[in-house]
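One structure is given here, and the rest of the page talks about it.
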Amino acid sequence: MFLNPHFAELQENYLFATIANKVSAYTAAHPENKIIRMGIGDVTQPLVPAVIEAMHKAVDEMAKKETFHGYAPDHGYPFLREAIRGYYAQHGVEVSASEIFVGDGAKSDVGNIVDLFSDENTVLIPDPVYPVYVDTNVMAGRKISYLDATEENGFLAMPDENVHADIVYLCSPNNPTGAVYSREQLQTWVDYALANNAVILYDTAYEAFISDADLPHSIFEIPGAKKCAIEFCSFSKTAGFTGVRCGYTVICDELVSGGVQVNRLWARRQSTKFNGVNYITQRGAEAVFTEEGMKQVRGVIALYRKNAEVMVDTFREIGVWFTGGEHSPYIWHKVPDGMTSWEFFDYLLQKAEVVGTPGSGFGKNGEGYFRLTAFGTLENTAAAMERIKRLLRAR
Ligand code: PLP
């Protein structure tokens, strides 16, 4: 028996474990103090009533022989694929329900999509980045080229015409930086992909946070994208499904390589290795797209967005460079006084009792930056910002 040797090439990711250890050591030493946590990118608000009601109803259906559901269709129930199609249509994107594949979240689909591509491909991944893109390609033994996202380009890396890639990962609104590609920037990427016969793997897990009508929610709003992009989205951040698990991947019929429709391969892959998302969850996800459901999830997002606004105002006021926060639950700010990301983590924990995430955990270009999330309560966010203001002004 021989193990996959590429697992040995993975960098051990101690980021969240190290954070947890440092925080518990601090809490043990100062049990009476109140730490404010702005590190983890998980939601905190409960599921909205429309979703709960739909899920309760689905549970009752499961209790009766006549309405019981066994294995779900591999690619999603038609009612949910149709509801997602309708959501795309609201953004002016025409996709058919058969081009939409329901899965158990964007992480699985983004990770599993590598099954479709030959190991010969050159993969281009921005740095800093959501670590799943890197690790899944390392596991597959692929050659990875990194693309620098920096303060100079607003953490929105653009293509270099002299560098060829076959597979490009883009994430907008971005985790960890909160930066969002404009329509023009995405058009440049689509043109690059078409010219290079490349595919763009577009992660739009945070699209629901976009509040500017001019910014694209989907790469398929860009002419030509259906021929060169695969889009991953999720109910996790849109509707608080991080613990429920449901997402969707869109691969249009126009995406073809060597005469083969890529969505046929994905359909085959999913039918072979995945047995569908449960009925109760899919009924809950469907309810997100009803008028009432949409109103309610937008209400929840407005709460997180209000937190992000308080954070944006704070960083503007103290004059610290940042990106994100406006169309994203993340603020990515520069660390003051030339500290490293980890030095600032310790400084913030000890002097302000606020926990964030060191940018260096997301790639080499993250060194010297720090991520804070807007998923807490307004009270805690405002209190944390007051502490940060006091601390950074006193320097
Ligand atoms: N993509 C990005 C960029 C994320 O930040 C996350 C979660 O934090 C995911 C995907 C995973 O989403 P899901 O919960 O749907 O697996």
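Both ligands and their constituent atoms are indexed starting at 1 by order of listing. In this chain, numbering begins with 1 at the start of the sequence shown.
- Among the atoms of Tyr206, some N or O lies under 3.5 angstrom from an N or O of ligand 1.
- In this pair, Phe370 and Phe344 present their aromatic rings perpendicular. The plane angle is above 60°, beyond the 30 to 60° band.
- Note on ligand 1: Cys171 sits in its first shell, one or more heavy atoms being nearer than 4.0 Å.
- Applying the salt bridge (Lys or Arg N to Asp or Glu O under 4.0 Å) definition to pairs two or more places apart or across chains, those involving residues 336-352 are Lys22-Asp346, Asp337-Arg395.
- Scanning the protein heavy atoms around atom 1 (N) of ligand 1, the nearest turns out to be Asp203 OD2, 2.6 Å.
- A heavy-atom distance below 4.5 Å is found between the side chains of Thr188 and Pro159.
- Remark: Arg269 pairs with Asn112, Asp115 by the side chain to side chain donor-acceptor pair (under 3.5 Å) rule, at least two apart or across chains.
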field: Chi angles and distances behind the side chain to side chain contact (heavy atoms under 4.5 Å, CB included) call for Asn263, Asp253
entry: CA-CA 7 Å; Asn263 57 17; Asp253 293 340; 2.8 Å; yes

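- Atom numbering of ligand 1 starts at 1 in the shown order; those under 4.0 Å from a heavy atom of Ser234 are 13 (P), 15 (O).
- Here the side chains of Tyr369 and Thr177 are not in contact, with every heavy-atom distance at 4.5 Å or above.
- Without hydrogens or angle criteria, Asn365 side chain to Pro128 main chain gives no donor-acceptor distance under 3.5 Å.
- For Phe235, no heavy-atom contact with ligand 1 is shorter than 4.0 Å.
- Under 4.0 angstrom from ligand 1, the non-hydrogen atoms of Ala106 come from both its backbone and its side chain.
- Distances below 4.0 Å separate heavy atoms of Lys237 from the following atoms of ligand 1: 7 (C), 8 (O).
- Of the protein's non-hydrogen atoms, Tyr130 OH, 3.3 Å is the one closest to atom 11 (C) of ligand 1.
- Considering only heavy atoms from C-beta on, Val129 stays 4.5 Å or farther from Tyr169 through its side chain.
- If you number the atoms of ligand 1 from 1 as listed, the ones under 4.0 Å from a heavy atom of Gly105 come out as 15 (O), 16 (O).
- Closest to atom 14 (O) of ligand 1, if we only count protein heavy atoms, is Ser236 OG, 2.6 Å.
- Summary of contacts: the protein heavy atom closest to atom 16 (O) of ligand 1 is Arg245 NH2, 2.7 Å.
- Residue contacts with ligand 1 do not include Thr242, since none of its heavy atoms lies under 4.0 Å from the ligand.
- Using bins of under 30°, 30° to 60° and over 60° for the plane-to-plane angle, the ring pair Phe315/Phe322 lands in the tilted bin.
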message: If you apply the rule side-chain hydrogen bond (donor to acceptor under 3.5 Å, both in side chains), what do you find for Gln187 with Tyr181, and how did you get there?
response: CA-CA 10 Å; Gln187 185 70 65; Tyr181 279 115; over 6 Å; no

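- At a 4.0 Å cut-off, not a single heavy atom of Phe232 sits close enough to ligand 1 to count as contact.
- The N/O atoms of Tyr330, backbone and side chain alike, include none that comes under 3.5 Å of an N/O atom in ligand 1.
- Residue-to-ligand polar distances place Lys107 within reach of ligand 1: an N/O pair is separated by less than 3.5 Å.
- Taking every non-hydrogen atom of Asn175 and a distance limit under 4.0 Å, the qualifying atoms of ligand 1 come out as 3 (C), 4 (C), 5 (O).
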